[in-house]
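Here the structure comes first, spelled out in structure tokens, and everything after it is commentary.
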Amino acid sequence: MTNTNFSDISRRQLLKAMAVAGATIGTWSLAGCSARNEGTSAQGSSSNTSKSETDSTPTETNATSTETNATSAETSTPTQASGNTLVAVFSWSGNTLGVANRVVEDLQGQAELFRIEPATPYTTDYDEMLQIAQDEQAANTMPAIAGAVSNWNEYATVYLGFPTWWGHLPQIVKSFLAEHDCSGKVVYPFNTHAGSGFASCLSDLAEACPNADIREGLSLVGEDVSSSTAQIDDWVSKNA
Ligand SMILES: Cc1cc2nc3c(=O)[nH]c(=O)nc-3n(C[C@H](O)[C@H](O)[C@H](O)COP(=O)(O)O)c2cc1C
């Protein structure tokens with residue numbers, strides 16, 4: 001795995017992207033990010049729903065803020081079908097998966113977990129991943145996802161988790177949303193990051209699913225996930 005050898009170009013590009021996204025640059029140190037070296041890749045099983053997973057390894061370093069962001073539904077009141085709850089998460093290195101697992105626990109058997117994974121597994125190298133994610137964004141690539149949610153129509157509520165990538169929703173999450181229509185569903189976004197918060201993720205989300213009822217989200221610093229259990233619990237209980 002890589003250590004602290006970001007190239008200058010990576011640093012410049014990242015800072016520029018975060019500035020464009022209005023990100024909190026001061027709290028996301030590139031050195032801290034590059035210190036990540038135990039990333040638990042989101043690859044592996046392409047299976048669909050499962051009750052919960054325990055292999056999350058929150059590893060992020062060097063960030064301090066925690067925030068709760070809200071977004072309102074962009075459209076007129078969508079129909080809210082009664083039905084089941086899904087926790088769908090993309091997590092490259094395990095932080096957001098840690099939140100997802102806690103949400104599933106909090107929902108006490110009422111929710112299924114679906115991991116959003118690329119059909120072709122991503123690299124486990126951090127610097128390479130930065131570049132790939134940036135290229136995907138620049139080209140608006142929609143990477144194919146592995147698997148699909150069974151019985152998607154039966155879910156009325158979706159907790160959707162993702163990391164902030166270059167100030168935005170990862171393209172793989174956009175692929176998921178393109179294949180899983182959230183119209184009429186209640187969506188609770190949750191996120192981990194290294195200082196930027198949701199940045200532009202919520203506007204990306206609203207654009208990707210304009211007919212969903214997007215509710216108040218939870219955004220946590222990746223390295224704080226393991227100490228944020230109470231905050232996750234509060235957020236879930238407010239939504240119940
Ligand atoms: C490709 C890539 C881009 C990232 N871009 C940002 C960013 O713009 N802002 C930020 O605060 N953190 C950024 N990060 C850090 C992640 O958002 C943070 O480590 C997050 O907790 C990772 O979640 P995960 O472990 O679920 O993948 C980036 C990380 C990667 C790998």
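Please read all numbers here as calculations on a predicted model, not as lab measurements.
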Looking at [X] and [Y], would you say the former's side chain and the latter's main chain have a donor-acceptor pair under 3.5 Å?
X	Y	value
Q171	T141	yes
K185	Y155	yes
D204	L169	yes
W235	V103	no
E179	K174	no

Testing the basics here: between [X] and [Y], what is the closest heavy-atom pair and its distance to 0.1 Å?
X	Y	value
A199	G167	CB-O, 3.3 Å
A144	I172	O-CD1, 3.9 Å
I214	A206	CD1-CA, 3.7 Å
P189	F198	O-CZ, 4.0 Å
A119	P121	O-CD, 3.5 Å
S175	P143	OG-O, 2.7 Å

Verdict with reasoning, N84 to E112, per side-chain hydrogen bond (donor to acceptor under 3.5 Å, both in side chains): CA-CA 9 Å; N84 301 330; E112 305 287 333; over 6 Å; no

Do [X] and [Y] get their side chains close enough for a donor-acceptor pair, meaning under 3.5 Å?
X	Y	result
T96	T192	yes
E128	T123	yes
Q131	D127	no

For D106, all residues meeting salt bridge (charged side-chain N to carboxylate O under 4.0 Å, His left out), sequence neighbours excluded: R102

Residues which pass side chain to side chain contact (heavy atoms under 4.5 Å, CB included) with T85, listed by chain and number, not counting sequence neighbours: L107, A111, T157, Y159

Pair F162-W92, ring-ring contact (aromatic ring centres under 6.0 Å, His included): steps then yes or no: CA-CA 9 Å; F162 46 83; W92 180 69; over 10 Å; no

L205 vs L160, side-chain contact (heavy atoms from CB on, under 4.5 Å): CA-CA, chis, key distance, verdict: CA-CA 10 Å; L205 181 61; L160 181 66; 3.6 Å; yes

Decide yes or no for [X] and [Y]: does some side-chain heavy atom of the first lie under 4.5 Å from some side-chain heavy atom of the second?
X	Y	value
K238	E216	yes
V186	N239	no
W165	M129	yes
R215	V187	no
H193	N191	yes
I145	H180	yes
P163	P170	yes
I232	L220	yes

Kindly compute the distance separating [atom1] ([X]) from [atom2] ([Y]), expressed to the nearest 0.5 Å.
X	Y	atom1	atom2	result
L130	D135	CG	CG	11.0 Å
I116	S91	CD1	OG	10.5 Å
T229	D224	OG1	CG	11.0 Å
Q137	W166	CD	CH2	8.5 Å

Near-ring test F114/W152, centroid separation under 6.0 angstrom: no

